[in-house]
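Order of listing sets the numbers, starting from 1, for every ligand and every atom in it.
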Amino acid sequence: MNEHSTSDASTDVVRLDEGHHEGTGGLPERFENPGLPPHVHRLSDDSEGGAKRAERQVATMFGLSMLATLLFIVAYFAIDRTASIYLPGIGKANALNVSLGVTMGLSLFLIGAGAVHWAKTLMPDTEIVEERHVQRSDDATRDKAVGIVLEGGEKAQLGRRPLIKASMSGALGLFALPFVVQVAGSLGNPTTALSGLRSTLWDAATAQKPMRLVRDPEGTPVKAEDVTIGSVFHILPENIKDSEHVLEDKGKAAVLLMRLDPSQFMPGHAGDKSQSWGYQGIIAYSKICTHVGCPVGLYEQQTHHLLCPCHQSTFDATNDMNVIFGPAKRPLPQLKITVDDEGYLVAPQGFQEPVGPSFWER
Ligand code: FES
């Protein structure tokens, strides 16, 4: 910075060039106090009619906020969870998510706008300067402070403006309802949450009509011979191309495919399932961490460990993907695979347990 600022030449002079200060005793001298801008009277300060109009405007915003909150609740129950709408510039989006986002955003915005408008038009806007002293004031000062707070409440006209008081209480009170409805409606219901985690696109696979494994994101099928020892593939079910909710379905169906030398699986009971549900050392596991659902994408080729980058849960690929470190509480679910007549890897069934977070087990 290379800036000079001068005030009264006989008193304060402050130089801000390269941190060098001129003044008595080597200490920087203070800027002249610019003071406060002059107070400008507002319409509502001088006219009861203006104040009434401002009151109605504030109450209208709080009222519209209540309406938006009610629309949120209606949308939550009325809109089909699978319905989608087209948004210009964004593309296809879930209609329920859009509706909930818009109504909740409006509800919050209108509460904020109402509060700001109230403060700007009706609350006292005279500036008060208070010097800072020791932290605890004496009793007389504290009593005075309480008096100021009470006076502030009086000046904010809460008592005299019952319309604002009632509409604001309604807007704030109703705003809590969407959270209650959501918790009661889904998050708080383990059965509902679990049913969402139980189904993935792999469920369309059957022994008679097995589903091919395709690379993410290319969508090309994978032959067993392509999967060399030590390699890792990010896999999706081939029916992902037909999905209406690609992001959601991808988030649940993502799979990691890797190949170990069959001698590397832990002998005995451990590792048996890995091998019997795999194909010649090729194994497929859900990529969604069983802690809180991050993608488990770090494969240590030497140790055959899979690492979740979020909280470092570590899964052992040689031992049925059991957890050997970190907060995850259960192994990654395995996807049974085999090959079809053309040598492509296929799944003859879906996951046999829910993928992702295990909060429902607690
Ligand atoms: S989400 Fe994987 S360890 Fe927490």
Side-chain angles (χ1 to χ4, degrees), residues 81 94 97 100-101 179 182-183 185-203 213-217 227 230-237 240 243 245-260 264-266 270-275 277-278 282-337 347 350-362:
R81 274 153 213 274
N94 182 285
N97 289 346
L100 296 185
F179 300 102
Q182 284 211 50
V183 169
S186 59
L187 294 180
N189 183 343
T191 312
T192 309
L194 185 54
S195 67
L197 295 170
R198 266 196 195 286
S199 66
T200 70
L201 289 184
W202 294 106
D203 294 341
L213 282 66
V214 299
R215 286 185 181 87
D216 181 17
V227 189
S231 61
V232 178
F233 289 74
H234 296 265
I235 293 296
L236 290 172
I240 189 76
S243 169
H245 307 286
V246 177
L247 285 182
E248 189 181 320
D249 287 334
K250 220 174 170 180
K252 291 197 295 180
V255 157
L256 271 181
L257 184 78
M258 64 209 79
R259 184 171 207 157
L260 276 64
Q264 291 170 323
F265 289 101
M266 204 168 270
D272 284 354
K273 184 181 159 216
S274 282
Q275 291 217 62
W277 277 29
I282 304 174
I283 46 178
Y285 282 89
S286 166
K287 192 174 157 185
I288 314 304
C289 184
T290 52
H291 179 218
V292 289
C294 288
V296 179
L298 304 174
Y299 178 55
E300 273 182 3
Q301 201 185 25
Q302 301 299 319
T303 59
H304 309 295
H305 290 167
L306 268 178
L307 184 75
C308 177
C310 286
H311 314 101
Q312 283 72 54
S313 283
T314 308
F315 304 87
D316 186 356
T318 69
N319 185 13
D320 290 340
M321 221 51 100
N322 276 314
V323 184
I324 55 170
F325 180 80
K329 288 284 179 281
R330 67 183 177 106
L332 296 172
Q334 186 173 7
L335 183 70
K336 190 174 183 179
I337 54 170
F351 288 107
Q352 298 299 295
E353 55 191 310
V355 298
S358 310
F359 61 87
W360 43 270
E361 280 186 336
R362 295 162 195 249

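A donor and an acceptor atom, one from each side chain of H305 and Y299, are nowhere located under 3.5 Å apart.
Checked against M266 for a side chain to side chain contact (heavy atoms under 4.5 Å, CB included), the options D320, N322, N319 give a single hit: N319.
Within the 4.5 Å cutoff, the side chain of W202 has heavy atoms near those of the V255 side chain.
Set against the non-hydrogen atoms of C294, the atoms of ligand 1 under 4.0 Å away are 1 (S). Each of the atoms 1 (S), 2 (Fe), 3 (S) of ligand 1 lies under 4.0 Å from some heavy atom of C289. Ligand 1 places these atoms under 4.0 Å from at least one heavy atom of V292: 1 (S), 4 (Fe). Each of the following atoms of ligand 1 lies closer than 4.0 Å to a heavy atom of C308: 1 (S), 2 (Fe), 3 (S).
In terms of heavy atoms, R330 sits closest to P357 at NH2-O, 4.3 Å.
With respect to atom 3 (S) of ligand 1, the closest heavy atom belonging to the protein is S313 OG, 3.1 Å.
Nearest N/O/S atom of H291 with respect to atom 4 (Fe) of ligand 1 is recorded as ND1. Residue H311 approaches atom 4 (Fe) of ligand 1 most closely through its N/O/S atom ND1.
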Going through the checks in order, is the disulfide (SG to SG under 2.5 Å) test met by C310 and C294? CA-CA 6 Å; C310 286; C294 288; 1.9 Å; yes
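To the nearest 0.5 angstrom, M321 atom CE is 11.0 Å from T290 atom OG1.
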